[in-house]
J.: 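Questions regarding the structure given below will be posed in turn.
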There are 4 protein chains.
Amino acid sequence: MNNRQPKTRIQQKNTLVILEAALDVFSQFGFRGSTLDQIAKTAGMSKPNLLYYFASKEAIHTVLLEGLLETWLEPLHKLDAAGNPRAEILAYVHRKLQMSRDFPRESRLFANEILQGAPRIGPAIEGELKKLVEEKSIVIDRWITEGKIAPVDPRHLLFSIWSLTQHYADFDVQVRMVLGEERPDPFPDAEAFLDTIFTRILAPDQK
Amino acid sequence: MNNRQPKTRIQQKNTLVILEAALDVFSQFGFRGSTLDQIAKTAGMSKPNLLYYFASKEAIHTVLLEGLLETWLEPLHKLDAAGNPRAEILAYVHRKLQMSRDFPRESRLFANEILQGAPRIGPAIEGELKKLVEEKSIVIDRWITEGKIAPVDPRHLLFSIWSLTQHYADFDVQVRMVLGEERPDPFPDAEAFLDTIFTRILAPDQK
Amino acid sequence: MNNRQPKTRIQQKNTLVILEAALDVFSQFGFRGSTLDQIAKTAGMSKPNLLYYFASKEAIHTVLLEGLLETWLEPLHKLDAAGNPRAEILAYVHRKLQMSRDFPRESRLFANEILQGAPRIGPAIEGELKKLVEEKSIVIDRWITEGKIAPVDPRHLLFSIWSLTQHYADFDVQVRMVLGEERPDPFPDAEAFLDTIFTRILAPDQK
Amino acid sequence: MNNRQPKTRIQQKNTLVILEAALDVFSQFGFRGSTLDQIAKTAGMSKPNLLYYFASKEAIHTVLLEGLLETWLEPLHKLDAAGNPRAEILAYVHRKLQMSRDFPRESRLFANEILQGAPRIGPAIEGELKKLVEEKSIVIDRWITEGKIAPVDPRHLLFSIWSLTQHYADFDVQVRMVLGEERPDPFPDAEAFLDTIFTRILAPDQK
DNA sequence: GATGAATGAGCCTTCATTCAT
DNA sequence: AATGAATGAAGGCTCATTCAT
């Protein structure tokens, strides 16, 4: 069963069920800390049946990671050099925060991979991500030169967007524990907060 | 070896060597992804000897975590309600960034624990950390009321400090990969960047 | 599919294809070292389809073995008490060598079974084969008494014929490796050699 | 535990116990047909303890095979070009038969390896064994030229010695079944038989 | 007549832990 | 204070077999 394109409906369904379960487990415990038993149990399937659909534990993990970086890059791709600078950056912040809300497990899967030294996704980071960051940094630098936004290191600006938004996915448990149960959903406040601070950071007429 | 206070020098030394090695390993692979073999090898010790000093794998991990939150809270404790508001907050940012530079493994150990759902450190977060955040939030809120800093959600302000500074430890691999080898040390730029943005965020006379 | 007599042509064909593939695999790796996957792949068939034709892995093996001893005995059966003694024995040697050339896999299947302690074919050996050897030994002993061939232990004579001829099937790999690639077919030389030595062994007028 | 030279007595003992047990099992079922469970049980040890002494199933098998070819070649090495031709060859036959009697499992281990296509010992056969056979074939050819022994293909003569003697180890089960329980030890008769036939084969004054 | 789907049992190996020295 | 020796439990993966279609 190495077919890239599942044929029957049951195959499509089970492949998705497995990936869903694996995302649950890998995003929490990392590759080495996760077991096929956990994934199988979460997927409601026997362990050998898992391996009927994927060749190995590694193969499941690889499939999950393969789609990940692309998904991760996409919001940054949309940053439009021709658009309004501040609006563009704020929109990017919003998109990233939206992803943390909608795909927190993917964010944690990524965080786990990086924490472990990016053994699998490293090449893609040194390749595609680095290239994209350089492209967009040029755009941001131009915006600064044109006086559209306040001067700021474009690379670290991007890092700050990543860390601030992904924090609400990766450290979700901590955020909720600290906020307490009276504030069950941190995202509305987070969105307002990020809006405020990036507006201040980028406002061009400052000293 | 359940003694709280190691007696001989060699015991003290070995205890430290083990904790050092365990920090290396746990911070990279998480609790479940790490093995005693790895720790023993890193510590240059036999596996049974490890367990002569600590009762179990769990025990080593616990000792590491126990000291951790305290270390993590300390810079925030120092935030002085009587000091200059902006200077106090910027100093806190500096201290936290300094910790990311000097103790990146501790930061990753913490990140791993949170990613896994904070099974061990959860109570401390819901207890001490939450309480401290509430205290300091009151201080910050007062500063805002007094017009010393610009209005901002104090809790999310703290989250932003944590995420922005810890990012340089937890995602260090990614940061270095994206910056490339021409910028071998990201921290000086990071410090300047964080200084800039927090100055703008907190500047009181904005709209 | 427990029918002894396959009905349709396609059934007959597939049964043969499976036995052919199984012979390939079993003769090389023995019963326990062989897998249905290997056999199915060699047969160009799915594993469940294999088991549609044969009840189990064991069943395939049994069918192969059942026909085997009969095939193995047949050349000895032909040893004619009324024929010319030396010619009869030499003809038997020839027939056995011919079988090593034409059915090496069957020979190796047999060798594997014996090496493993003859768990399945044991009874047939203690029964039919033993009986046949005793019969023919009496014939050979008579020939010796009559001075037609030189005196020799008839049982060990038969063993020697078996070992010398089957060696060219069972140890084929070694024989070819030792002879090297300049002598691609060992059988012509083997035939001449066996002819020579058995002629000398049986020549009656020796001291 | 990859030390070539076991240090403690218990290590020496256990290493030997394991190799002994592994020889039992591998010689009967081949590499793939054997399980660590069988070996562990035979050795009276737990499976993990086996792997404390040897890195893997493969490693045990390798150690067994490594010593094997050397042991197998040694009797042929002793074939002395300066000795009495017929006596030398008969002595070689005796030595080989003696080995079949004393080390039948080693013989079967070798047979299994060859039957499976010599995947591990192949190189040694194409190397050392082939070279030795060529050397000794030259010696035998000289003996023939000098009229000391009857003309015969020297390579096939060696094959015949191997097959005739090893047969009493590899096919021991069959030999004993055919001879029945009245003749519990086939070796004395075998020795006499081989003596007789090789004497006749090599007698120089024949036509 | 054939195959996709599924699994209990087993296999090799690793792991945390224990015991004896 | 330290390590060689040992193991029950678990982990990833394979295998023969079954079931449904």
Side-chain angles (χ1 to χ4, degrees), chain A residues 1 3 6-11 13-14 32-40 45-60, chain B residues 1 6-11 13-15 32-40 45-60, chain C residues 1 6-11 13-14 32-40 45-60, chain D residues 1 3 6-11 13-14 32-40 44-60:
Chain A
M1 265 275 313
N3 304 330
K7 286 160 192 168
T8 70
R9 269 172 224 152
I10 197 164
Q11 278 185 5
K13 194 200 95 198
N14 278 341
R32 296 184 29 176
S34 303
T35 72
L36 283 184
D37 268 316
Q38 287 177 290
I39 299 173
M45 232 175 266
S46 74
K47 218 174 4 170
N49 203 23
L50 232 71
L51 296 164
Y52 174 72
Y53 288 97
F54 291 89
S56 65
K57 179 184 171 184
E58 177 94 34
I60 306 177
Chain B
M1 261 272 313
K7 292 163 190 168
T8 71
R9 271 177 220 148
I10 197 165
Q11 280 182 350
K13 195 199 97 198
N14 277 343
T15 302
R32 296 183 32 174
S34 303
T35 71
L36 282 186
D37 268 318
Q38 287 176 289
I39 298 172
M45 224 175 273
S46 73
K47 219 171 8 166
N49 203 20
L50 230 72
L51 295 166
Y52 171 77
Y53 287 96
F54 292 90
S56 66
K57 179 184 172 184
E58 178 91 36
I60 306 176
Chain C
M1 261 273 311
K7 290 161 189 170
T8 70
R9 272 177 219 148
I10 198 164
Q11 280 182 351
K13 195 200 96 197
N14 277 342
R32 296 184 31 175
S34 302
T35 71
L36 282 185
D37 268 318
Q38 288 177 288
I39 298 172
M45 224 174 275
S46 74
K47 218 171 11 169
N49 203 20
L50 229 73
L51 295 166
Y52 172 76
Y53 287 96
F54 292 89
S56 67
K57 180 185 173 184
E58 178 92 37
I60 306 177
Chain D
M1 267 275 313
N3 304 332
K7 287 161 193 168
T8 69
R9 270 172 225 152
I10 198 163
Q11 278 183 10
K13 194 201 97 196
N14 278 343
R32 295 181 32 173
S34 302
T35 72
L36 283 184
D37 267 317
Q38 287 177 288
I39 298 173
M45 230 175 266
S46 74
K47 218 172 8 169
N49 204 22
L50 233 70
L51 296 164
Y52 173 72
Y53 288 96
F54 292 89
S56 66
K57 179 185 173 183
E58 178 93 33
I60 306 177

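Bear in mind that the values here come from a model prediction, so they are computed numbers and not experimental data. In the text below, chain A, chain B and the rest are named by the order of the sequence lines, each starting its count at 1.
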J.: What is the distance, to the nearest angstrom, from the CZ atom on D:Arg9 to the C1' atom on E:dT21?
T.: 14 Å
J.: For DNA chain E, whose closest nucleotide is more 5', that of B:Leu36 or that of D:Arg32?
T.: D:Arg32
J.: Establish, with yes or no, whether the OP1 or OP2 oxygen of E:dA2 is under 4.0 angstrom from a side-chain nitrogen or oxygen of C:Asn14.
T.: yes
J.: CZ/C:Phe54 to CG/C:Asn14 distance, rounded to the nearest 0.5 angstrom?
T.: 10.0 Å
J.: Could you tell me the Watson-Crick or G-U partner of E:dA20, where both distances fall under 3.5 Å? Say none if there is no partner.
T.: F:dT3
J.: Could you state the interatomic distance from OG1 (B:Thr15) to CD1 (B:Ile60), rounded to the nearest 0.5 Å?
T.: 10.0 Å
J.: Kindly point out which of E:dA2, F:dG11, F:dC13 is positioned nearest to the side chain of C:Ile10?
T.: E:dA2
J.: Give the rounded distance in Å between these two atoms: CD1 of B:Ile39 and P of E:dT17.
T.: 10 Å
J.: Among F:dC19, F:dG11, E:dA6, which is the nearest nucleotide to the side chain of C:Pro48?
T.: F:dC19
J.: How long is the line joining CZ of A:Phe54 and P of F:dT14, in whole Å?
T.: 15 Å
J.: Nearest whole Å is fine: how far is F:dC15 C1' from A:Lys47 NZ?
T.: 14 Å
J.: Not counting sequence neighbours, which residues clear side chain to side chain contact (heavy atoms under 4.5 Å, CB included) with C:Asp37? List them please.
T.: C:Thr35, C:Lys47
J.: More 5' along DNA chain F: C:Ser34 or A:Lys57, using each one's nearest nucleotide?
T.: A:Lys57
J.: Given F:dA16, F:dA2, F:dA6, which nucleotide is nearest the side-chain atoms of B:Tyr52?
T.: F:dA2
J.: Hey, which of these two, A:Ser46 or C:Leu50, hits DNA chain E nearer its 5' end, going by closest nucleotide?
T.: C:Leu50
J.: Would you tell me if any nitrogen or oxygen in the side chain of A:Thr8 comes within less than 4.0 Å of OP1 or OP2 on E:dA5?
T.: yes
J.: Of the nucleotides E:dG4, E:dC15, F:dT3, which one has an atom closest to the side chain of B:Thr35?
T.: E:dC15
J.: For F:dA5, does either OP1 or OP2 sit under 4.0 Å from a side-chain N or O belonging to D:Gln11?
T.: yes
J.: Atom CG of A:Leu50 and atom CG of A:Leu36: how far apart are they, to the nearest 0.5 Å?
T.: 6.0 Å
J.: To the nearest Å, how far apart are D:Ile60 CD1 and E:dT13 C1'?
T.: 12 Å
J.: C:Leu51 has an atom CG; how far is it from atom C1' of E:dA5, in whole Å?
T.: 15 Å
J.: Over how many whole Å does the gap from D:Glu58 atom CD to E:dC11 atom P extend?
T.: 18 Å
J.: Hey, could you give me the NZ/OG1 distance between D:Lys13 and D:Thr8, rounded to the nearest 0.5 Å?
T.: 10.0 Å
J.: Check the phosphate of F:dA5 against D:Asn49, side-chain N and O only, distance under 4.0 Å to OP1 or OP2. Yes or no?
T.: no
J.: Looking at B:Tyr53, does any N or O in its side chain come under 4.0 Å of the phosphate oxygens OP1/OP2 on F:dA2?
T.: yes
